[in-house]
Trainee: 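Pasting a structure below so you can have a look.
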Amino acid sequence: MKGKTMTRIYNKSPTIIKNLINERRIPPRLLAHLTLVYEVAKTILAWMDHHYPGVSIDKEAVLFGAVTHDIGKVMVNEEITKPGSTHERQGFELLLNHGIKEHLARFTLTHSQWTTSNTNIDDWMVSLADKIWKGKRVTDLEDLIVNHICRKTNKEKWEVFLNFDDLLQNISKDADKRLAFQTNYHY
Ligand SMILES: [Fe+2]
């Protein structure tokens with residue numbers, strides 16, 4: 001796999017992803033997707049750090065979640081191009097079988113289930129990155145995050161909302177480029 005972005009992701013990837021790449025078990029389009037979501041998650045985390053340092057986030061867990069959230073698609077290849085949720089449980093089990101602790105493996109399950117009560121800001125960060133990389137806006141997910149920031153910082157909701165909306169609009173500006181980048185890789 002070529003490209004600076006792909007090399008970057010390889011170097012930063014957890015061992016399980018490195019192994020899957022080395023064994024050529026991870027379809028290039030899936031790796032491209034995980035790379036994009038990882039990069040976007042990094043942008044969101046840096047923004048959170050800059051604007052709302054008082055909101056505590058497990059950054060390492062979020063980045064791990066971003067780069068592994070769809071890993072179950074290694075087993076369920078058809079879900080790389082078509083909707084489906086079989087990959088979620090499969091991914092969770094794959095990670096557990098490779099010795100990953102449940103608190104890190106959970107993102108394979110939670111990235112599509114932000115409304116369930118056992119999720120927190122770390123899960124929502126991964127879910128958000130997995131949507132906004134392609135410019136997709138999800139009101140209830142964004143609301144959860146804005147409300148959480150307000151609770152933790154005592155800031156006014158309108159102010160946080162506008163600020164957060166700016167971030168999401170900025171990220172969305174490159175959505176077409178990211179989509180083109182991802183589609184460029186075969187699956
Ligand atoms: Fe995804």
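In listed order, ligands and their atoms are each counted from 1.
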Trainee: Knowing that exactly one of Asp58, Ile57, Val62 qualifies, which makes a side chain to side chain contact (heavy atoms under 4.5 Å, CB included) with Glu60?
Mentor: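 By the side chain to side chain contact (heavy atoms under 4.5 Å, CB included) criterion, Glu60 pairs with just one of Asp58, Ile57, Val62: Asp58.
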Trainee: If we count only N and O atoms by modelled type, under 3.5 Å, do the side chains of Gln113 and Thr119 hold a donor and an acceptor together?
Mentor: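 Checked: Gln113/Thr119 side chains show no N/O donor-acceptor pair below 3.5 Å.
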Trainee: I need the Met125 CE to Leu45 CG distance, nearest 0.5 Å.
Mentor: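 Going from the CE atom of Met125 to the CG atom of Leu45 covers 7.0 Å.
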Trainee: With the Fe ion (ligand 1) as the point of reference, which N/O/S atom of Asp70 is the closest?
Mentor: OD2
Trainee: Which residue pairs satisfy the ring pair (Phe, Tyr, Trp, His ring centres under 6.0 Å) criterion with at least one member in residues 115-137, sequence neighbours excluded?
Mentor: His33-Trp133, Trp124-His148
Trainee: Could you tell me whether any N, O or S atom belonging to His33 is less than 2.8 Å from the Fe ion (ligand 1)?
Mentor: yes
Trainee: Would you name the N/O/S atom of Asp130 that lies closest to the Fe ion (ligand 1)?
Mentor: OD1
